[in-house]
Protein chains: 2
Amino acid sequence: MKAAHILDAAEDLLTRYGYRRVTVDEVARGAGVGKGTVYLYWPSKRELFAAVLTRDAARLLSDQLTAMLTDPAEVLPHRSMRWTYLAIMDRPLAKALYTGDSALLGDLTTASRSGALFAAGKRETTDRYLSVLHGHGLLSDEPGALLSYRLSAAVAGSFHLDGTPDTAEFGLTAKADALATTVRRAFEPAEDPAPAAVRDAAADMADVYRQWLAELTRSLPREQS
Amino acid sequence: MKAAHILDAAEDLLTRYGYRRVTVDEVARGAGVGKGTVYLYWPSKRELFAAVLTRDAARLLSDQLTAMLTDPAEVLPHRSMRWTYLAIMDRPLAKALYTGDSALLGDLTTASRSGALFAAGKRETTDRYLSVLHGHGLLSDEPGALLSYRLSAAVAGSFHLDGTPDTAEFGLTAKADALATTVRRAFEPAEDPAPAAVRDAAADMADVYRQWLAELTRSLPREQS
DNA sequence: AACTGACCAATTTGGTACTCGGGTCAGTAT
DNA sequence: ATACTGACCCGAGTACCAAATTGGTCAGTT
């Protein structure tokens, strides 16, 4: 319970003022605990706020899992990337993380133990994702490190171009659709996928997501009611 | 003559030490002229170095024009983007500009009169590029602002991902090939293009490029004597 | 055993003196 | 007259120090 309250306070202050301007004492008072208590759960300010980002990512992942269980077609790359893009842009912290907004996160993006773990988990999950898709004939290429890179590169631009002037004229969904079009053509076979393949792939990915979700949750401090 | 020498000195110092660490006086002495002379050609330090970047861009564009005249297939999006990617990564200044290396360029990227002109010219050229391609049946979509955005987004990621750790394992050409694959599938028709269409499109684009090249050259100070 | 907040060291901040470098222009050279 | 120069000006940035703040600890309280 207490750890979650501390994370709540930290998340609120982080989104409002940014990493640099928030003190650990403020977080503690915001959560109604003493400063020392914070250090019973996390070894440093940096790790505390990294945990905030991790929890945010876990929630996003959980939402995506739900979406995929509701509609298995969400497992397809163009749908998955579209959904992820919109979800990230809708969350202040995730957006700051992906667009590299250092005004909000300071140097939090670079190097924290849990940050590195998160990056590794994400990479591994992406690899598994591509393997699953390929296993059900939903990919137009062989999986591998290069394909992972190619997908990352194709998607990354959408986030990086976020701030630039004349891209603001388009709505968020228009940009999401653009990303979906690019991803579908560049990574999926031309012909429509077989419904059974989609269903099975979604089921496989649900397991992968659950696994990563468990891993992320485990990295957050254990609740001690 | 003199303006070119000043640009030479400025370019050399810029690539070696970065915008912040180079003084106008150094540039002047490097070019063998007085500091005041520099201000006969450019109104400010910022515009001087913006001109360095503009000249670099003009050279790159000129090279690309040559490449396209040698092999008209270079007009195709996947070839054009691949070539551009490699050319930019090969030039320290262009690379710094596109990967957002503020250590080298400082705040030079943001807002300088000629910088804005360059961005506008680039946008317009991209639009014309897409129109030309479409006119010869080499595009799978209708041109327009959204398609321009989609292409930018698809390409931008390759530059933005440059610094990140585990992308270094791949060679530059492997990354360029990855970009080419994505672009070809996402923007070009599935069937191979007709040689005549390619030849004609290349001829059209040669004109567009020459026009932009002339514009860029005109923005550089007029040579006297 | 869980938690706290006074305490310490280290970093950050605020203020000040001073250097340095962008930009100007009276003057020199041609 | 024209092309060019470099000494000069002044504001932005740097260096520096004292004061304030804050990340992190731990003896002590609940």
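So that the names make sense, note that chain A is the first sequence line, chain B the second, and so on, each numbered from 1. The figures that follow rest on heavy atoms only: side chains count, while hydrogens, waters and symmetry mates do not.
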Could you tell me how far apart A:Tyr41 (OH) and D:dT25 (C1') are, to the nearest whole angstrom? 18 Å

Within the 3.5 Å criterion, strictly below it, is a donor on B:Thr182 or A:Arg150 matched to an acceptor on the partner's side chain? yes

5' priority, DNA chain D, between A:Asp25 and A:Gly36 [closest heavy atom]: A:Asp25

Interatomic distance where CD1 belongs to B:Ile6 and P belongs to D:dA3 [whole Å]: 14 Å

Specify the separation, in whole Å, of atom CG of A:Asp107 and atom C1' of C:dT11. 13 Å

Any donor-acceptor pair under 3.5 Å linking the side chain of B:Thr126 with the backbone of B:Lys122? yes

Would you say B:Arg20 reaches D:dT14's phosphate, i.e. side-chain N/O to OP1/OP2 under 4.0 Å? yes

OP1 or OP2 of D:dA3 versus the side-chain N and O atoms of B:Tyr39: is any pair under 4.0 Å? no

What is the distance, to the nearest angstrom, from the NE2 atom on B:His5 to the P atom on D:dA3? 19 Å

So, does the side chain of A:Lys35 form a donor-acceptor pair with the base of D:dG24 at under 3.5 Å? yes

May I have the distance from A:Leu40 (atom CG) to C:dG5 (atom P), rounded to whole angstrom? 13 Å

Considering every strand and a 4.0 Å limit on heavy-atom distances, what is the contact class for A:Thr23: base, sugar-phosphate, or nothing? sugar-phosphate

Atom CG in B:Leu108, atom CZ in B:Arg20: separation rounded to 0.5 Å? 12.5 Å

Using a heavy-atom cut-off of 4.0 Å across all strands, would you classify B:Val22 as base, sugar-phosphate, or nothing? sugar-phosphate

Who pairs with B:Glu26 by salt bridge (charged side-chain N to carboxylate O under 4.0 Å, His left out), at least two apart in sequence or on another chain? none

If we count only N and O atoms by modelled type, under 3.5 Å, do the side chains of B:Gln211 and B:Thr125 hold a donor and an acceptor together? no

Which whole-number value in Å describes the distance from A:Lys45 NZ to C:dT11 C1'? 11 Å

Mind calculating the distance between CZ (B:Arg29) and C1' (D:dG6) to the nearest angstrom? 11 Å

Spacing of B:Tyr19 atom OH relative to C:dG21 atom P, expressed in whole Å: 13 Å

